[in-house]
Amino acid sequence: MSDAKRLSFSTGALPGGYEILFTARRATGLGPLVASRARFIGLNRVKITRSAQIPLHQHTVHELVMVESGPYRCRINGTPLTVASGGVLVVTPGDGHEVELHRGQRHSVLHFALAGSRGSTGLFHDDSPPEAHVVSGGSPELGRAIRRLLEEVASPDAYTTALQDLLMEEIYWRLLRVVPAQARVPGLGGLEEDEDFRARLATLFEASLAGTLPVTTMAKELGMSRRNLTDKCRRVFGQGPAHAFMDLKLQRAALRLAETTASVKHVSYELGFRNPYHFSRAFRARFGLAPSGFRAAGTPRRSA
């Protein structure tokens, strides 16, 4: 049964006074497949107790500076920039960064790396203006996502690693939403090209979650050669088709374990794994915990 049918109700099934004010359905097409993936590295919350300067330096990873109490003054590639309270500064690998710190400032510094970004190491193309690095106004959702990550880092448990990854993905996509498109590296978010390919592959994955899906079968269903499919997957998503399919299976398994009482064995067969041992080994490699340990850290909310 499709998700849309599960959400359909006959008029007689709804009680009197039940008024639907708004209906939304899950967006389709992109799914978990993206051209570049953000990997969380670390996060610091900083309070400046005396004025100081950080001399010119370069980062090998991306840095987001969320200013809580500013202004935050710095130079990016020699250009002076000021970030007001509530704003976010984006520093990319290779940028020349100088900072002028003043007593009373507070800010959070988030470091992350990009994987599968088609050879690009930064968010901005070479001709983008330095001012594009400052995201001020219109970015409260980005700030809230960064604060949620900060809270998650401060209170670790068995779910922390998975939630950190999910929050970092949210931060990355919200960042792409507010950074001017004309300043970004073309195709970085995977939204500017190959949309049909992403949609068709995501649909094929969703329809095959309960079984196996060899790369040769994927290629046949998509009308491509195996080599072209693999090359395009690596270019567009940063990983091969088999790895992308397995990653989706494991994400769904984690949700089933966290939100239902279905046994580990049942979840493994439900998602087409050969046996519970194979499932457990793949799950531990992805999330750092065995399925039973992952579930033991929380209380399921509903029955299977």
Side-chain angles (χ1 to χ4, degrees), residues 1-6 26-35 37-40 115-116 157-169 197-222 224-227 229-234 236-304:
M1 181 183 296
S2 69
D3 290 336
K5 290 182 179 179
R6 288 192 183 99
R26 180 182 181 273
T28 60
L30 192 62
L33 308 175
V34 295
R37 302 293 296 266
R39 180 172 59 86
F40 173 63
D157 60 19
Y159 297 108
T160 295
T161 299
L163 287 170
Q164 285 176 354
D165 289 342
L166 291 172
L167 288 168
M168 188 65 247
E169 287 291 310
F197 174 71
R198 282 192 299 276
R200 292 168 62 207
L201 190 60
T203 299
L204 180 60
F205 280 6
E206 291 285 350
S208 308
L209 281 176
T212 60
L213 185 60
V215 176
T216 51
T217 302
M218 296 185 205
K220 182 178 179 180
E221 291 291 330
L222 296 172
M224 305 173 66
S225 71
R226 175 171 179 156
R227 179 173 180 176
L229 170 62
T230 299
D231 289 346
K232 191 160 189 174
C233 274
R234 291 190 182 282
V236 176
F237 306 126
Q239 57 184 336
H243 285 92
F245 183 53
M246 177 60 72
D247 193 57
L248 177 58
K249 279 179 173 280
L250 292 172
Q251 289 181 48
R252 293 301 170 81
L255 287 175
R256 291 288 289 161
L257 291 170
E259 297 182 354
T260 78
T261 57
S263 68
V264 172
K265 182 177 180 180
H266 179 81
V267 171
S268 71
Y269 287 125
E270 184 180 57
L271 288 167
F273 287 89
R274 293 194 303 270
N275 52 62
Y277 173 75
H278 175 228
F279 168 57
S280 181
R281 185 174 60 181
F283 192 93
R284 182 187 291 274
R286 174 63 173 82
F287 295 106
L289 283 171
S292 56
F294 184 87
R295 162 166 283 166
T299 303
R301 293 197 293 264
R302 62 174 186 268
S303 65

From CA spacing to verdict: side chain to side chain contact (heavy atoms under 4.5 Å, CB included), Lys249, Phe279: CA-CA 10 Å; Lys249 279 179 173 280; Phe279 168 57; over 6 Å; no
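- Closest of all the heavy-atom pairs between Met218 and Pro241 is SD-CB, 3.5 Å.
- In this structure, Ala254 and Phe287 approach most closely via the heavy-atom pair CB-CZ, 3.8 Å.
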Show your reasoning for whether side chain to side chain contact (heavy atoms under 4.5 Å, CB included) applies to Arg252 and Leu248. CA-CA 6 Å; Arg252 293 301 170 81; Leu248 177 58; 4.0 Å; yes
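- Residue Val264 comes nearest to Pro291 through the heavy atom pair CG1-CB, 3.8 Å, listed as atom of the first residue, atom of the second, then distance.
- Arg295 contributes a side-chain N or O that, together with a main-chain N or O of Leu257, makes up a donor-acceptor pair within less than 3.5 Å.
- Of all non-hydrogen atoms in Ala158 and Leu289, the two that sit nearest each other are O-CD1, 3.3 Å.
- The main-chain N or O of Tyr277 is never found under 3.5 Å from a side-chain atom of Ser280 such that the two would form a donor-acceptor pair.
- The CD atom of Glu270 sits 7.5 Å away from the OG1 atom of Thr260 when rounded to the nearest 0.5 Å.
- The CD atom of Gln251 sits 7.0 Å away from the CG atom of Leu166 when rounded to the nearest 0.5 Å.
- In this structure, the side chains of Phe40 and Thr161 stay at 4.5 Å or more apart for every pair of heavy atoms.
- The two atoms that bring Arg284 and Ala290 nearest to each other are NH2-CB, 3.3 Å, heavy atoms only.
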Which is it for Thr230 and Met224 under the side chain to side chain contact (heavy atoms under 4.5 Å, CB included) test, yes or no, and what are the steps along the way? CA-CA 10 Å; Thr230 299; Met224 305 173 66; over 6 Å; no
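- Between Tyr159 and Phe294, the two ring planes are perpendicular [angle over 60°; tilted spans 30° to 60°].
- In this structure, Phe245 and Phe205 have tilted ring planes: the angle between them lies in the 30° to 60° band.
- Closest heavy-atom contact between Pro276 and Lys265: CG-CG, 3.9 Å.
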Hey, mind stepping through Cys233 and Leu201 against side chain to side chain contact (heavy atoms under 4.5 Å, CB included) and telling me if it holds? CA-CA 9 Å; Cys233 274; Leu201 190 60; 3.6 Å; yes
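- Remark: His243 NE2 is loosely packed, at most 12 non-hydrogen atoms of other residues, nucleotides or ligands lying under 6.0 Å away.
- To the nearest 0.5 Å, the span separating NE2 on His266 from CG on Leu271 amounts to 9.0 Å.
- Two residues are said to be in side-chain contact when any heavy atoms from C-beta on lie closer than 4.5 Å; Arg200 and Leu204 fail this criterion.
- Taking OG1 from Thr212 and CG from Leu209, the interatomic distance works out to 12.0 Å, rounded to the nearest 0.5 Å.
- The CG atom of Leu250 lies 11.5 Å from the CG atom of Leu255; values are rounded to the nearest 0.5 Å.
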